[in-house]
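Just so we're on the same page: letters track the sequence lines, and every chain starts at 1.
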2 protein chains.
Amino acid sequence: MASRSGAATIAEVAARAGVSPATVSRVMNGRFVGEPSVAERVRQAAADLDYSPNHLARSLALGETKAIAFLVPDLANPAFQAVLSSLSKTAAKDGYRVLVVDSGESTSDEPLLAAEARRRCDALVLCAPRMPEDELVEASVALSPVVVINRRSSRVSAPTLSVDYQSGIQGLARHLHGLGHRHLVFLEGPEGSVSNQARLRGLEEFERSAPDVRIDRIRGGAGSEDGLLATERVIATGATAALAFNDLVAVGLIGGLVEHGVVVPDDISVTGFDDIPFARYISPPLTTASVPHEELGVQAWQRMRSLVRHETPDHDLLFQPRLEPRRSSAPPR
Amino acid sequence: MASRSGAATIAEVAARAGVSPATVSRVMNGRFVGEPSVAERVRQAAADLDYSPNHLARSLALGETKAIAFLVPDLANPAFQAVLSSLSKTAAKDGYRVLVVDSGESTSDEPLLAAEARRRCDALVLCAPRMPEDELVEASVALSPVVVINRRSSRVSAPTLSVDYQSGIQGLARHLHGLGHRHLVFLEGPEGSVSNQARLRGLEEFERSAPDVRIDRIRGGAGSEDGLLATERVIATGATAALAFNDLVAVGLIGGLVEHGVVVPDDISVTGFDDIPFARYISPPLTTASVPHEELGVQAWQRMRSLVRHETPDHDLLFQPRLEPRRSSAPPR
DNA sequence: GCGGGGCGTGAAAGCGGTTTCTCGATTATG
DNA sequence: CATAATCGAGAAACCGCTTTCACGCCCCGC
């Protein structure tokens, strides 16, 4: 007698309880005000049939899915994983689930992926470090409600949560400078990455404040293999310290340096960015700029919750990375 | 003229193209066979209105959401993150998205969370290392289609993908034994964890094969803080080598040992389990049993795809961890 | 004793698609 | 030329739930 999908429907419950579907709906949603005996009959029937409302149908009628989408360039990156983990846990407290969408670093697909993801959910948390600003602006209004991570811009109407990469990288550079380094090399992130550009700006600013330093730049990427691949080019610069785009790159670079018999930090200091959970445990413990990814997830949901409730979200946030000096940086020889 | 949610509906497109909604639906789904000019008109109208079908309504009518749920005890664990990442990427190739549900290690909530997650999606990938077997069996049929990870059991009707923790831990124990260790300590995982029990069985088997070794056991957990917390108890055993429940625990333990001035591997060898991405980079590089988490994600989707297509899924898989000897293990003093 | 106001419940109209079934208009066939 | 076969497209039912609206009933007051 059960429907094809095996699950009981509201109509079946209604029939069994001898009431209308409307009444069942009201009872299930706590909007029932009539005879307690009727409510009890409904509850009993629902229990008998092991009924639980079809989420899809409910969402369609209600116009909300209680789910948000989370678009990231690469879910294999611990930094995004940390955000996702805390976002998911935080949103869950309000009954929301997270649908993950991994663009696989394919910037060109992101607008479509974002749109599709958004259509499936009530809202979208957008992590698209390389999406052209015009598209981002467009998406942030077309796909609203949206919360944008790491893309601060006055043109973006959505709430944004960002990390001050510009000042963060300066903190690292100053740290190295303070240790006595005068020749640095910056191992860049992906081309087109906005946060990479912020780091570059930060370094330019630093260069102006410290005319005695030289900073070389090397093209790279965002993963540890990019760090590994850049090893020889880093060595070739002759720099005494390397600023990696992020922790992942730093880890790859350190691995490459070890293979080449270059000792960190004795021969060359290395710094990362992010402070992923393992940064402190790697060998040598990585000097980095700590980014509160969990807090990013929490705050992202806070903004999102306001948006889906049609409230005014809190103001934008710009997180200041905290310099985390560890053993991968030391005075030059 | 747009509906309240701002998105165009099929009816609006139909009106604009001067056809019925049925025709629009057919055109949008490539089932249209009539006049090409009609199809073109529909396409034009859809483009003009920037129409895209409401995913919810479509899912309701079609009876499928093109989404699968992924239930894990803790999304902050790199091992689960790796599975999620590859599962998400693999499923995406077939147009499926993943909804994440983090039970927060709360075993008692898992049955409800699983049921709720399943109701929202077409299927469920279940990662519940501590769920009582009866509940698991129950869930695997009630929530079908389900793919179960790390819970091999003849009573579970769903396809399962598992890791042979029992033999994996033996490999580690043999490795330590081969190095000359005769007094080991096993830092256990969470109570009730099935994979912990498998490890215990493996160690018992190993003890029988090597009567000259002594293996102490210490209660613990699955996170690095559990490893850290167990430091003193580990030291107190006087063992020359510690087998940690997993890499996370090992990392925490090593951190704790360092704090106590105990040198790894000189004073005590430490091994992990999982081979999380950073195991090779930590200090010292961690000897561990390597588990192909990415492959788990890929295979999980392969099974899942068969299930949602009503095909027979491939046979169950039992992955053999690969011993990964690194510098955290060495001969005892 | 009768009209008006609650109150509890059901009928029905959505939500936005898909799909079956039907029907009128062509085209093929005897 | 009549009729069957075919084809294109629309009407309407349906997916399962929510919610407005209306209705019947009971109770109250005059």
Side-chain angles (χ1 to χ4, degrees), chain A residues 1-43 45-46 49-67 116 118-122, chain B residues 1-43 45-46 49-67 116 118-122:
Chain A
M1 209 58 14
S3 69
R4 65 229 101 278
S5 72
T9 73
I10 199 172
E12 294 169 355
V13 176
R16 182 174 239 267
V19 299
S20 75
T23 298
V24 176
S25 172
R26 286 191 267 256
V27 171
M28 298 298 294
N29 294 297
R31 301 201 197 308
F32 185 79
V33 289
E35 292 272 328
S37 68
V38 173
E40 191 41 47
R41 234 169 49 231
V42 169
R43 261 186 276 277
L49 269 44
D50 195 22
Y51 169 75
S52 70
N54 178 311
H55 198 272
L56 234 39
R58 196 153 189 283
S59 295
L60 182 60
L62 252 27
E64 64 166 13
T65 64
K66 291 278 186 182
E116 190 247 277
R118 172 60 183 81
R119 276 201 303 278
R120 286 171 165 245
C121 301
D122 296 341
Chain B
M1 208 56 14
S3 69
R4 65 227 104 278
S5 72
T9 73
I10 199 173
E12 294 168 354
V13 176
R16 181 173 240 268
V19 299
S20 75
T23 298
V24 175
S25 172
R26 287 190 268 253
V27 171
M28 298 298 294
N29 294 297
R31 300 200 198 307
F32 185 78
V33 288
E35 292 272 327
S37 68
V38 173
E40 190 41 47
R41 233 169 48 231
V42 169
R43 261 185 275 277
L49 269 45
D50 194 23
Y51 169 75
S52 70
N54 179 312
H55 198 271
L56 234 40
R58 194 152 190 283
S59 295
L60 181 59
L62 253 28
E64 66 167 11
T65 65
K66 292 279 185 180
E116 190 245 278
R118 174 59 182 83
R119 275 202 303 279
R120 287 172 164 245
C121 300
D122 296 342

Salt bridge between A/R16 and A/E12, side-chain N to carboxylate O under 4.0 Å?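 Judged by the 4.0 Å cut-off on N to carboxylate O distance, A/R16 and A/E12 do not form a salt bridge.
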Are [X] and [N] close enough that a side-chain N or O sits under 4.0 Å from OP1 or OP2?
| X | N | value |
| --- | --- | --- |
| A/T23 | C/dG10 | yes |
| B/N29 | C/dT18 | yes |
| A/R58 | D/dG16 | no |

When the distance from [atom1] of [X] to [atom2] of [N] is rounded to whole Å, what number comes out?
| X | N | atom1 | atom2 | answer |
| --- | --- | --- | --- | --- |
| B/E40 | D/dA9 | CD | P | 14 Å |
| A/E35 | D/dG24 | CD | P | 19 Å |
| A/L62 | C/dG14 | CG | C1' | 13 Å |
| B/E12 | C/dG17 | CD | P | 9 Å |
| A/N54 | C/dC15 | CG | C1' | 13 Å |
| A/R41 | C/dG8 | CZ | C1' | 12 Å |
| B/F32 | D/dG10 | CZ | P | 8 Å |
| A/L56 | D/dT18 | CG | P | 13 Å |

Going by distance alone, is a donor N or O of one side chain under 3.5 Å from an acceptor N or O of the other, for B/R119 and A/S52? yes
Under 3.5 Å, is there a donor on one side chain and an acceptor on the other for B/N29 and B/R58? yes
Polar pair under 3.5 Å, donor/acceptor by atom type, side chain A/R26, base C/dG8: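 Looking at the base of C/dG8, it does not pair with any donor or acceptor on the side chain of A/R26 (distance under 3.5 Å).
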What nucleic acid atoms does A/V24 come within less than 4.0 Å of, heavy atoms only: base, sugar-phosphate, or nothing?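 Touches nothing.
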Per A/A22 side chain, nearest of listed nucleotides C/dT18, C/dG10, C/dG14: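 Of C/dT18, C/dG10, C/dG14, C/dG10 is nearest to the side chain of A/A22.
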How long is the straight-line distance from CG of B/L56 back to NE2 of A/H55, given to the nearest 0.5 Å?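 Rounded to the nearest 0.5 Å, the NE2-CG separation comes to 9.0 Å.
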DNA chain D: 5'-proximal contact among B/S20 and B/L60 (nearest heavy atom): B/S20
Considering heavy-atom distances to DNA chain D, does A/P21 or B/V19 have its closest nucleotide positioned more toward the 5' end?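 That would be B/V19.
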For residues B/V42 and B/F32, determine if any side-chain heavy atom of one lies less than 4.5 Å from a side-chain heavy atom of the other.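 Counting from C-beta outward, B/V42 and B/F32 never come under 4.5 Å.
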